[in-house]
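Since the structure comes first, as structure tokens, the remarks are kept for the end.
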Amino acid sequence: MESFPLIEWCLENLNYLTIFILMIIESSFVPFPSEIVIPPAAYMAASGGDMHLGLIILSGTLGAMVGALINYGLSIFLGRPIIYRFASSRVGAFFLLDAKKIEDAEHFFVKHGAIATFTGRLVPGIRQLISIPAGLARMPIPSFLLYTALGAGAWNVVLALLGWYLEGVVPREQLNEYVSRYSHEIGLGIVIVVAAILGVIIYKASKRPKVDLTAGEPEDD
């Protein structure tokens, strides 16, 4: 996907606007990795560039939300049969899509519920596609945007901190290699931590004594 002139130009001219544009592309059905957007921008900021780390994360997260909304809207407009037909077509193959990837994303959403919109943003292979089953399931837009913002924001923080830390540690030309090596492991770790916390919350909720709402009601004569 880097062969597209727009993407090449944006990568060569990273600023808040181009980060926003690239993250829209990344979060839509175009298989474009955020690992080659956020870390280089943070790397540039750490080396004395004009950009601020917090605004890099904000620009990337807003772009991710817009891209996710595109997938969400398309899935509602087109419906499940057309989505799967497109993924199985030659055009879908050009975008590195197939029915199996859509099915995996849908199963992930069904298994984990609404929180999958958050955790799915941290899972490789699911990240860009989790908005499709959310749209197919007609997930309420406020909840969808909230979980998308939290998930995309958390992932962008991870990538930005990696880029910031690696400045002065590795040469710029080796940055993508190091980010790819560590980002998936960190993302998986975050998913495990979130799953553990949710498990504890659900377990404690199941152990709470149930309140008898009928207790104390006067008996009928």
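Scope of the values below: all heavy atoms of this structure, side chains included, with no hydrogens, waters or symmetry mates.
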List the atom of A160, the atom of I57, and the distance in Å for their closest heavy-atom pair. CB-CG1, 3.7 Å

Gap separating the CZ atom of F144 from the CZ atom of R138, nearest 0.5 angstrom: 13.0 Å

For D50, does the CG atom sit with more than 12 other heavy atoms under 6.0 Å from it, leaving out its own atoms? no

Decide whether I19 and L55 are clustered together by the hydrophobic rule: side chain heavy atoms of Ile, Leu, Val, Met, Phe, Trp, Tyr closer than 4.5 Å, transitively. yes

Can you spot which of I24, L74, L145 makes a side-chain contact (heavy atoms from CB on, under 4.5 Å) with L69? L145

Full working for side-chain contact (heavy atoms from CB on, under 4.5 Å) between M23 and I38: CA-CA 9 Å; M23 292 302 291; I38 302 297; 4.2 Å; yes

Show your reasoning for whether side-chain contact (heavy atoms from CB on, under 4.5 Å) applies to T117 and L150. CA-CA 9 Å; T117 309; L150 291 174; over 6 Å; no

Nearest heavy-atom approach of M51 to A45 is O-CB, 3.3 Å

If you group Ile, Leu, Val, Met, Phe, Trp and Tyr by side-chain heavy-atom gaps below 4.5 Å, do L53 and L159 land in one group? no

Using the rule that two of Ile, Leu, Val, Met, Phe, Trp, Tyr join whenever any of their side-chain heavy atoms come within less than 4.5 Å, decide whether V157 and L58 are in one cluster. no

Heavy atoms of I56 and Y16 approach each other most closely as N-CE2, 3.9 Å

Determine the minimum heavy-atom distance between L166 and Y43, stating which atoms define it. O-CE1, 3.6 Å

Between E26 and V37, does the side-chain contact (heavy atoms from CB on, under 4.5 Å) criterion hold? Intermediate values first, please. CA-CA 9 Å; E26 184 270 343; V37 180; 5.9 Å; no

For Y72 and A134, which heavy atoms make the closest approach, and how far apart are they? CE1-O, 3.7 Å

Please answer: with hydrophobic residues joined when any side-chain heavy atoms are less than 4.5 Å apart, are L62 and W155 in the same cluster? yes

Does either side chain, that of T61 or that of N156, offer a donor lying less than 3.5 Å from an acceptor on the other one? yes

To the closest 0.5 Å, what do you measure between NE2 (H52) and OG (S59)? 11.5 Å

Non-hydrogen atoms of G135 and S75 that approach each other most closely: CA-OG, 3.1 Å

Please report the C-alpha distance between L14 and L22 in whole Å, then the side-chain angles of each, then the deciding distance to 0.1 Å, and finally whether the side-chain contact (heavy atoms from CB on, under 4.5 Å) criterion is met. CA-CA 9 Å; L14 281 177; L22 288 170; 3.9 Å; yes

Say you draw a straight line from CG of N15 to CE of M44; how long is it, rounded to the nearest 0.5 Å? 8.5 Å

